Enquirer: 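Okay, here's the structure, questions in a sec.
Read the numbers this way: they start at 1 and go in the same order the structure lists the ligands and their atoms. As the structure is a prediction and not an experimental result, all values here were calculated from the model.
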Amino acid sequence: MDHTTNLILPSLLAADWTQVGAEVKRAEDAGAKWLHLDVMDGAFVDNISFGPQMVQTVRKCTDMYLDVHLMIHRADHYLERFIKAGANNITIHVEANYDTSVTETLQRIRAAGLHCGIALHPDTPFEAALPYVNDIDLLLVMTVVPGFGGQPFMEKETMPKLAAARDHRDANGLKFHLEVDGGVYTHTAPIAKQNGANLFVCGTSSFGPPDMKQAMNELAAAVV
Ligand code: DX5
Ligand code: ZN
């Protein structure tokens with residue numbers, strides 16, 4: 001699948017955690033191909049979610065592509081555990097601390113046979129991703145301050161950056177996906193698409209409604 005394919009990615013953060021296995025199945029039955037997993041360490045972001053054990057639990061429930069978003073410091077220190085847990089893509093933040101470096105961490109993800117991504121906090125300019133754009137499969141432009149689901153889409157602050165990333169990619173013959181994450185609904189997804197996004201992370205807007213399949217279809221229709 002290349003960067004011209006649009007995909008809606010449910011984010012497990014918004015699922016009912018009293019029945020994780022059933023929720024993963026619900027996403028799969030609703031047509032999800034990729035599932036987004038938000039790992040938070042209580043230090044890089046002001047919230048704590050889950051770690052490798054949850055990724056491994058989800059892996060046991062599904063063959064879906066697992067898109068793991070690490071909102072943590074020292075991703076390089078914890079990397080092997082997420083690789084072993086069954087992640088397919090691992091995205092790391094440029095703003096986080098590393099024992100080694102962002103470059104080395106990306107190389108290790110690649111060497112393990114996984115896809116890799118870079119994420120940008122809303123305050124971080126696109127230029128911060130420039131040193132890595134030749135070595136990534138995905139660039140995640142956060143459309144909320146990372147840490148919590150259910151926040152409003154930061155259009156003014158993030159769409160110019162997304163468009164700049166798209167323009168740079170296309171002008172240089174690069175192929176990475178552009179992913180948006182946070183506040184993505186049927187009314188905001190088209191704005192993100194217009195500015196270059198093809199991967200749409202949807203927490204509240206996918207797991208929230210009782211009919212997830214209908215919600216996923218409506219979100220997909222909004223980005224056709
Ligand atoms: C926010 C997370 C998101 C979150 C999005 O820090 O990275 O993936 O689940 O949630 P919604 O779609 O509810 O804004
Ligand atoms: Zn995320």
Enquirer: Please could you name the atoms of ligand 1 that L13 approaches to less than 4.0 Å, counting only its heavy atoms?
Expert: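 In order of numbering, the contacting atoms are 4 (C), 9 (O).
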Enquirer: Tell me whether R108 is salt-bridged to E80, with the criterion being a basic N under 4.0 Å from an acidic carboxylate O.
Expert: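 Yes, charged N to carboxylate O under 4.0 Å.
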Enquirer: Name the atoms and distances for all side-chain donor-acceptor pairs under 3.5 Å in residues 185-196, with sequence neighbours left out.
Expert:
residue, atom, partner, partner atom, Å
T188, OG1, G183, O, 2.8
T188, OG1, Y185, N, 2.7
T188, OG1, Y185, O, 3.4
K193, NZ, V223, O, 3.3
N195, ND2, I191, O, 2.8

Enquirer: Compute the centroid of each ring, for H93 and then for H69, and state whether the two points are separated by less than 6.0 Å.
Expert: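 Ring centres of H69 and H93 closer than 6.0 Å.
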Enquirer: List, by chain and number, the other hydrophobic cluster members for Y65, where Ile, Leu, Val, Met, Phe, Trp and Tyr join if side-chain heavy atoms come within less than 4.5 Å, directly or indirectly.
Expert: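 Via sub-4.5 Å side-chain contacts, Y65 links to M1, L7, L9, W34, L138, L140, M142, V144, L199, V201.
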Enquirer: Considering non-hydrogen atoms of the protein only, which is the closest contact for atom 13 (O) of ligand 1, and what is the distance?
Expert: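 Protein heavy atom with the smallest distance to atom 13 (O) of ligand 1: T204 OG1, 2.4 Å.
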Enquirer: Do any nitrogen or oxygen atoms of S205 lie less than 3.5 angstrom from nitrogen or oxygen atoms of ligand 1?
Expert: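 N/O-N/O distance below 3.5 Å does not exist for this pair.
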Enquirer: With nothing but distance in play, are any N or O atoms of C202 less than 3.5 Å from an N or O of ligand 1?
Expert: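 No - when backbone and side-chain N and O of C202 are compared with those of ligand 1, no distance drops under 3.5 Å.
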Enquirer: Among protein heavy atoms, which sits nearest to atom 12 (O) of ligand 1, and what does the distance come to when rounded to 0.1 Å?
Expert: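 Heavy-atom neighbour on the protein nearest atom 12 (O) of ligand 1: G203 N, 2.8 Å.
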Enquirer: Would you please indicate if the ring centroids of F176 and H3 are separated by under 6.0 Å?
Expert: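 Between F176 and H3, the centre distance exceeds or equals 6.0 Å.
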Enquirer: Among the heavy atoms of A14, does any lie under 4.0 Å from an atom of ligand 1?
Expert: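 No, A14 has no heavy atom closer than 4.0 Å to ligand 1.
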Enquirer: Is it true that D137 and R110 have a side-chain N and a carboxylate O under 4.0 angstrom from each other?
Expert: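 Salt bridge flag = yes for R110 with D137.
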Enquirer: Any N or O of Y185 that comes nearer than 3.5 Å to an N or O of ligand 1?
Expert: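 No; every N/O pair is 3.5 Å or more apart.
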Enquirer: Are I48 and V20 connected, step by step, through hydrophobic side chains (Ile, Leu, Val, Met, Phe, Trp, Tyr) whose heavy atoms are closer than 4.5 Å?
Expert: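 Different hydrophobic clusters.
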Enquirer: Give yes if a backbone or side-chain nitrogen or oxygen of G149 is under 3.5 Å from a nitrogen or oxygen of ligand 1, and no if not.
Expert: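 No - when backbone and side-chain N and O of G149 are compared with those of ligand 1, no distance drops under 3.5 Å.
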Enquirer: For ligand 1, which is the ligand I care about here, please tell me if G150 has any N or O atom under 3.5 Å from one of the ligand's N or O atoms.
Expert: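 N/O-N/O distance below 3.5 Å exists for this pair.
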Enquirer: Return all side-chain donor-acceptor pairs below 3.5 angstrom for residues 145-157, not counting sequence neighbours, or 'none' if the list is empty.
Expert:
residue, atom, partner, partner atom, Å
Q151, NE2, V145, O, 2.8
Q151, NE2, F148, O, 2.9

Enquirer: Among protein atoms, how many N/O/S atoms lie less than 2.8 Å from the Zn ion (ligand 2)?
Expert: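 My tally for this metal is 4.
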Enquirer: Any side-chain donor-acceptor pair under 3.5 Å between Q19 and D16?
Expert: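 Indeed, the side chains of Q19 and D16 share at least one donor-acceptor pair under 3.5 Å.
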Enquirer: If we ignore angles and hydrogens, is there a donor and acceptor under 3.5 Å between the side chains of N6 and N198?
Expert: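 N198 and N6 do not have a side-chain donor-acceptor pair below 3.5 Å.
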